[in-house]
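Quick note on labels: first sequence line is chain A, next is B, and so on, each numbered from 1. Fair warning: this is a prediction, and the values are worked out from it, not measured in the lab.
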Amino acid sequence: MLDTPHTTSPETADASSDALTLYGHAFSSRLLLGTARYPSPDVLTQAVKASGAGIVTTSLRREQAGRDGSRFFDLLSALDVAMLPNTAGCRNVREAVATAHMARELFDTSWIKLELIANDDTLQPDVFQLVEAARILVADGFEVFPYTTDDLSVAERLIEAGCEVLMPWGAPIGTGRGLANPYALRTMRNYFPDVPLIIDAGIGRPSHAMQAMELGYDAIMLNTAVALADAPVDMARAFAMAIDAGRLAARAGMMDERDMAVPSTPVAGTPFFEFDGG
Amino acid sequence: MLDTPHTTSPETADASSDALTLYGHAFSSRLLLGTARYPSPDVLTQAVKASGAGIVTTSLRREQAGRDGSRFFDLLSALDVAMLPNTAGCRNVREAVATAHMARELFDTSWIKLELIANDDTLQPDVFQLVEAARILVADGFEVFPYTTDDLSVAERLIEAGCEVLMPWGAPIGTGRGLANPYALRTMRNYFPDVPLIIDAGIGRPSHAMQAMELGYDAIMLNTAVALADAPVDMARAFAMAIDAGRLAARAGMMDERDMAVPSTPVAGTPFFEFDGG
Amino acid sequence: MLDTPHTTSPETADASSDALTLYGHAFSSRLLLGTARYPSPDVLTQAVKASGAGIVTTSLRREQAGRDGSRFFDLLSALDVAMLPNTAGCRNVREAVATAHMARELFDTSWIKLELIANDDTLQPDVFQLVEAARILVADGFEVFPYTTDDLSVAERLIEAGCEVLMPWGAPIGTGRGLANPYALRTMRNYFPDVPLIIDAGIGRPSHAMQAMELGYDAIMLNTAVALADAPVDMARAFAMAIDAGRLAARAGMMDERDMAVPSTPVAGTPFFEFDGG
Amino acid sequence: MLDTPHTTSPETADASSDALTLYGHAFSSRLLLGTARYPSPDVLTQAVKASGAGIVTTSLRREQAGRDGSRFFDLLSALDVAMLPNTAGCRNVREAVATAHMARELFDTSWIKLELIANDDTLQPDVFQLVEAARILVADGFEVFPYTTDDLSVAERLIEAGCEVLMPWGAPIGTGRGLANPYALRTMRNYFPDVPLIIDAGIGRPSHAMQAMELGYDAIMLNTAVALADAPVDMARAFAMAIDAGRLAARAGMMDERDMAVPSTPVAGTPFFEFDGG
Amino acid sequence: MQIVVNGEPQATDASTLRELCEALGFKGDARVATAVNGDFVARTERETRVLKDADRIEIVAPRQGG
Amino acid sequence: MQIVVNGEPQATDASTLRELCEALGFKGDARVATAVNGDFVARTERETRVLKDADRIEIVAPRQGG
Amino acid sequence: MQIVVNGEPQATDASTLRELCEALGFKGDARVATAVNGDFVARTERETRVLKDADRIEIVAPRQGG
Amino acid sequence: MQIVVNGEPQATDASTLRELCEALGFKGDARVATAVNGDFVARTERETRVLKDADRIEIVAPRQGG
């Protein structure tokens with residue numbers, strides 16, 4: 001068992017001047033892509049490539065007798081990306097902890113995307129069990145990526161528990177609504193200037209992802225918006241471009257909003273202008 | 001005097017599988033960039049290059065005695081882009097018409113970005129004079145790019161007047177507020193499915209431009225958001241990427257928004273699940 | 001033919017310390033209620049009473065042979081409200097002018113709610129014909145209430161034409177979307193501080209009406225939101241309260257929005273507080 | 001010590017056909033008003049009266065030697081309203097519990113508005129300590145009104161702890177931003193259809209309060225928006241009207257929003273209409 | 001003579017607008033207004049307004065409106 | 001004996017919380033509540049609550065709140 | 001002995017978790033992970049993990065996830 | 001003769017627009033455009049365009065624009 005994400009060519013943290021660094025591993029792409037709900041394995045493969053993602057999320061599910069369990073793993077291994085297994089579907093701490101351990105063995109990684117779901121309507125995290133499970137898993141040597149909310153008091157507990165990355169939701173999983181509360185997410189960004197923050201869930205359009213990057217978020221995790229697009233591969237590329245552009249814009253210092261109009265074309269020298277109103 | 005936009009390498013309308021075609025000229029970029037308010041001519045030059053824009057907007061202003069008037073023109077000519085002169089600052093039809101004629105002679109183009117400003121607070125178009133001037137200019141052989149609003153009754157008059165392109169505002173010039181009325185802009189897009197529609201004015205962030213492209217707009221015209229960025233060249237590139245990504249997304253068929261959450265990771269086969277609630 | 005709105009008890013302009021004054025007539029209510037789409041005449045009657053409206057809108061439609069045409073008129077006359085007939089459904093100036101003249105004779109009023117519709121999708125005003133018809137009708141002695149947009153250049157033409165009131169839309173008729181562009185409506189309010197401005201169309205909920213009143217609008221015209229409510233009479237009352245409360249709030253000076261939190265309960269004297277962090 | 005809120009004329013739960021019932025006590029008003037930040041005690045008194053509030057919030061603070069502590073209490077006692085003391089400023093469970101006990105003795109009530117603040121930037125609740133303190137206080141016989149967020153997993157813990165009322169925030173205290181996340185608040189309302197839900201904090205304008213009531217919230221708690229208005233007494237009345245109107249509207253069944261326009265005035269019988277387009 | 005009344009073609013013997021109104025059962029004090037060929041005709045002018053073949057008549061009354 | 005009352009260090013001769021309250025001018029029926037070292041002390045227990053050196057006392061009264 | 005494997009009741013003769021895996025056709029190098037009665041059992045411990053009646057076994061493999 | 005050039009009053013001896021341009025130092029191939037009294041005058045017409053007292057002349061060149 002390795003304590004690094006499984007990828008055949010891990011970048012180092014200084015490989016790039018603007019790398020995303022997560023638990024000591026650097027990535028040039030700031031998109032994390034889910035691997036579920038694609039029309040076919042082939043489309044998934046192409047979408048991952050088109051997205052440029054350095055990290056993909058995975059799960060574990062019950063295996064049928066007689067299988068050797070490696071088909072999906074081999075598919076992803078060929079893509080040369082880090083795998084981030086999740087605990088999707090877990091409803092209590094014990095399930096989440098056991099699932100994380102099984103994932104560590106299956107995916108040869110100490111990374112775990114920790115999901116502890118509170119209810120079916122929103123699939124929001126149960127923030128109490130989330131923190132408890134994070135504490136246990138950090139103590140067990142995991143590097144935890146907690147799926148959380150924009151709640152600062154929860155975020156602080158997760159950081160205290162040892163999480164070096166936070167994954168607040170934009171909106172409920174699969175809704176595609178974008179950032180339901182941009183004000184709270186902006187506050188969160190300002191409150192934790194040095195913690196890698198990844199928007200996870202709720203992204204429906206590339207402009208949603210870009211808006212989050214413009215707010216200063218470090219990366220975007222998404223799945224449904226690509227997998228259920230009419231053309232998933234093109235959509236993967238559109239998201240990749242949107243996220244890169246959003247990062248670039250956030251660092252290039254965007255203009256401030258104004259209430260009143262101001263001409264772009266210079267006023268001085270306008271022909272026909274005279275003091276009597278011309 | 002030529003009746004084509006001034007550029008040393010005009011693309012033809014079939015040069016690209018997804019070209020933007022305006023008055024018979026095809027462009028691979030869907031960004032039109034203004035040339036005002038940059039920190040220096042050099043930054044302007046670099047920003048135009050970084051933006052990939054095929055069209056830049058210009059104006060004409062009173063010249064000092066003894067100058068030969070060509071310095072700015074030569075700067076742009078070296079960039080191999082089409083020039084779209086505007087009538088910025090014009091307050092009545094007569095001024096706008098005379099300005100258009102002067103522009104045609106100066107820039108060797110029959111293209112004119114027609115602006116007729118109603119007031120200083122909003123710099124919104126005076127829609128009555130706009131339509132009247134458009135009629136006159138089309139009769140005089142111009143190819144008119146009218147700066148207008150999202151008003152459908154105005155748009156229909158402009159099309160009747162012979163405008164083959166419309167440039168509705170997103171928000172007042174220089175405010176950087178983005179799309180003030182996305183609902184009306186969506187309606188406009190649906191109402192004129194076959195007319196090239198370019199959002200002009202009010203764009204402050206790349207995500208604003210992208211949102212417009214996702215709505216199906218054909219192109220984006222902007223100036224202040226690049227020129228006043230801390231790093232204009234990077235911002236030009238960010239906008240270029242955002243607009244390309246938005247176009248790609250609009251054509252790739254985005255997912256629909258939902259109210260209720262839906263899991264991305266499959267539910268079937270979740271470990272620890274039992275009928276008694278597991 | 002009278003040049004006053006038909007009502008048996010017109011208030012005078014100084015009847016109230018905060019009256020709404022329209023063409024010299026004062027009203028204590030700032031709600032104008034439409035009379036269409038109610039489940040029954042009886043519900044309409046009760047809704048008008050519950051709304052406290054001083055003005056109701058009406059139309060004229062083809063009459064069947066043998067009728068005396070007065071049934072609906074008599075129903076409203078019993079309510080002691082001013083009637084404001086509209087030109088709904090008119091598509092050109094000539095129709096609108098003839099309809100206005102017929103309305104003046106039928107309703108004994110020189111008031112006319114001028115609607116000139118541009119298209120079926122949005123039912124937005126055709127702003128060109130609107131201004132032309134307004135000029136004609138003012139010259140013919142009408143007091144015109146134009147259904148218009150938030151376009152300032154159109155508004156200025158209407159005022160020049162002699163309109164003493166403007167009725168910008170909130171959103172397309174019957175959509176119930178509320179204020180589609182609050183920013184433009186705020187600008188309009190500031191641009192015409194002394195012209196009575198009535199939001200007409202698009203209001204779906206009392207909070208929409210209230211928002212407009214908080215922005216400083218003088219009154220609200222609505223119909224569908226009351227008529228199609230499950231309980232129209234209660235909804236009429238809710239709108240009346242919302243509009244009165246919005247007016248009161250606008251005059252009572254609302255607090256400014258802030259980004260950062262600030263305690264309401266005083267910090268000084270908090271028990272257990274100590275300099276070492278207590 | 002009484003276990004009821006201190007008021008000389010408590011209404012009973014069946015006193016009204018649409019009463020707000022909190023821990024067995026019924027109130028006809030659905031506004032809870034804070035008592036801080038007013039220009040003077042006299043303005044406070046008038047504002048409480050104008051608001052019609054049946055409940056006001058209070059705090060306890062260190063008393064100067066030699067005082068008898070009753071001046072503020074006597075001021076409120078004369079107003080015949082229930083007092084709901086808070087734990088504002090408390091940062092940990094022990095402080096909150098001690099403060100609650102002191103409040104119970106001071107105000108002769110077992111009601112406590114439980115606030116446990118996570119940080120100064122947002123004044124958001126620390127949801128972990130909030131739940132822990134709620135458990136302790138319920139066991140100690142308190143009737144707890146927890147200031148919480150829109151987080152459903154926190155809300156469920158509070159209900160399990162014995163809270164019969166929840167007070168989710170609209171936005172950070174004192175910001176006046178209104179409902180920062182209406183989508184989440186709508187979800188919360190639907191998730192807990194039978195629990196009294198009171199929006200607490202962030203309300204800046206009466207239309208914000210009304211929007212919450214239209215979403216189905218049971219009541220609104222506010223302070224700064226009234227206390228810092230230019231005319232606090234008028235603003236108190238405006239909020240009272242807005243909240244009553246919002247309640248009425250929510251029960252009267254509001255129309256649904258539509259994308260496309262639909263005429264309010266009937267189309268049938270429109271004069272000048274002909275099959276050739278009239 | 002063939003005319004169109006409120007969009008419906010019909011034959012009439014009425015020579016003036018007033019006669020037409022009466023023939024259609026609209027009494028003199030009925031609350032209806034009239035237009036001929038797109039132009040308003042006031043109540044006081046109905047008596048003198050001569051109809052001709054193919055005239056298009058509108059006869060309208062107050063109704064609900066928004 | 002040195003104690004802290006409402007955050008302010010001070011010397012006192014009072015041996016019980018009740019004596020302290022009286023010494024500070026809070027009458028028996030004053031509408032104040034008390035805590036010692038972070039824990040609530042009910043009015044009825046002030047008489048039996050013995051103070052010791054370095055105790056931290058809170059004496060609070062009703063105030064405005066949001 | 002009756003056990004539950006991946007939610008399905010079944011009978012088995014396997015005395016250890018490793019034997020069960022083999023009986024179900026999962027080879028020693030199969031990419032599957034296991035849990036018994038809610039707790040993870042590492043691959044290296046399957047051989048020594050004795051099964052008992054009513055044990056609930058999970059055998060899982062990598063899958064797509066969001 | 002008094003005229004106004006680009007908003008500035010000035011005296012001139014030039015009899016035509018072309019002469020004025022030359023007198024102001026704009027060469028024949030300068031990239032400037034002209035208007036007189038609000039109407040465009042094409043480069044090819046400058047020679048024949050006679051100036052008169054109080055004429056208002058615009059002479060403009062390409063500039064940055066949004």
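Of the inter-residue distances, the one linking B:L215 atom CG with B:M210 atom CE reads 12.0 Å to the nearest 0.5 angstrom. Taken to the nearest 0.5 Å, the CH2 atom of A:W111 stands 4.0 Å off from the CZ atom of A:F145.
Within the 3.5 Å criterion, the main-chain N or O of B:T57 finds a donor-acceptor partner in the side chain of B:T35. For B:R189 (side chain) and B:G216 (main-chain N/O), a donor-acceptor pair under 3.5 Å exists by modelled atom type. Using modelled atom types, no side-chain atom of B:R247 and backbone atom of B:R30 make a donor-acceptor pair closer than 3.5 Å. Under a 3.5 Å cut-off, the side chain of B:T99 and the backbone N or O of B:E95 do form a donor-acceptor pair.
When the candidates B:V233, B:T175, B:I117, B:T122 are compared by the number of heavy-atom contacts under 4.5 Å with chain A, B:T175 comes out ahead. The candidate with the highest count of non-hydrogen atom pairs below 4.5 Å against chain B, out of A:C90, A:S264, A:G178, is A:S264. Interface remark: of the candidates B:P172, B:G202, B:P271, B:P271 forms the most heavy-atom pairs closer than 4.5 Å to chain A. Among A:T270, A:T58, A:D234, the residue making the largest number of heavy-atom pairs under 4.5 Å with chain B is A:T270. Chain A forms more heavy-atom pairs under 4.5 Å with one residue of B:M241, B:M260, B:R251, B:R62 than with any other, namely B:R62. For chain B, the option among A:H208, A:Q211, A:R205, A:R94 with the highest count of heavy-atom pairs below 4.5 Å is A:R205. Ranked by heavy-atom pairs shorter than 4.5 Å toward chain B, the options A:M254, A:E214, A:E115 are led by A:E214. Contacts with chain B were tallied for A:A249, A:G269, A:G246; A:G269 has the most, counting heavy-atom pairs under 4.5 Å. For the options A:A242, A:A268, A:P206, heavy-atom pairs under 4.5 Å to chain B are most numerous at A:P206.
The contact between A:L60 and chain B is made by backbone and side chain atoms together, counting heavy-atom distances below 4.5 Å. Within the 4.5 angstrom heavy-atom criterion, no atom of A:M213 approaches chain B. At a 4.5 Å heavy-atom cutoff, the contact between A:N86 and chain B is made by side-chain atoms alone. For B:I243, no part lies under 4.5 angstrom from a heavy atom of chain A. The parts of A:R237 that come within reach of chain B are both its backbone and its side chain, each placing non-hydrogen atoms under 4.5 angstrom from that chain.
Ring-plane geometry between B:Y147 and B:W169 is classed as perpendicular, the angle between the planes exceeding 60 degrees on a 0 to 90 degree scale with a lower cut at 30.
The shortest distance between side-chain heavy atoms of A:T87 and A:L116 does not fall below 4.5 Å. Side-chain atoms of A:E63 and A:D68, non-hydrogen and from C-beta on, never get closer than 4.5 Å to each other. Side-chain contact check for B:I199 versus B:L185: some heavy-atom pair is nearer than 4.5 Å.
Counting all heavy atoms, side chain and backbone alike, A:P125 lies closest to A:L130 at CB-CD2, 4.3 Å.
Ion pairing between a basic and an acidic side chain is recognised when a charged N comes within 4.0 Å of a carboxylate O; A:R91 and A:D120 show such pairing.
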Q.
Set out, in order, the CA-CA distance, both residues' side-chain angles and the distance that settles side chain to side chain contact (heavy atoms under 4.5 Å, CB included) for A:K49 and A:S51, then state yes or no.
A. CA-CA 5 Å; A:K49 287 178 180 169; A:S51 77; over 6 Å; no
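The contact list for residues 222-232 of chain B toward chain A, using heavy atoms and a distance under 4.5 Å, reads B:N223, B:T224, B:A225, B:A229, B:D230, B:A231 by residue number.
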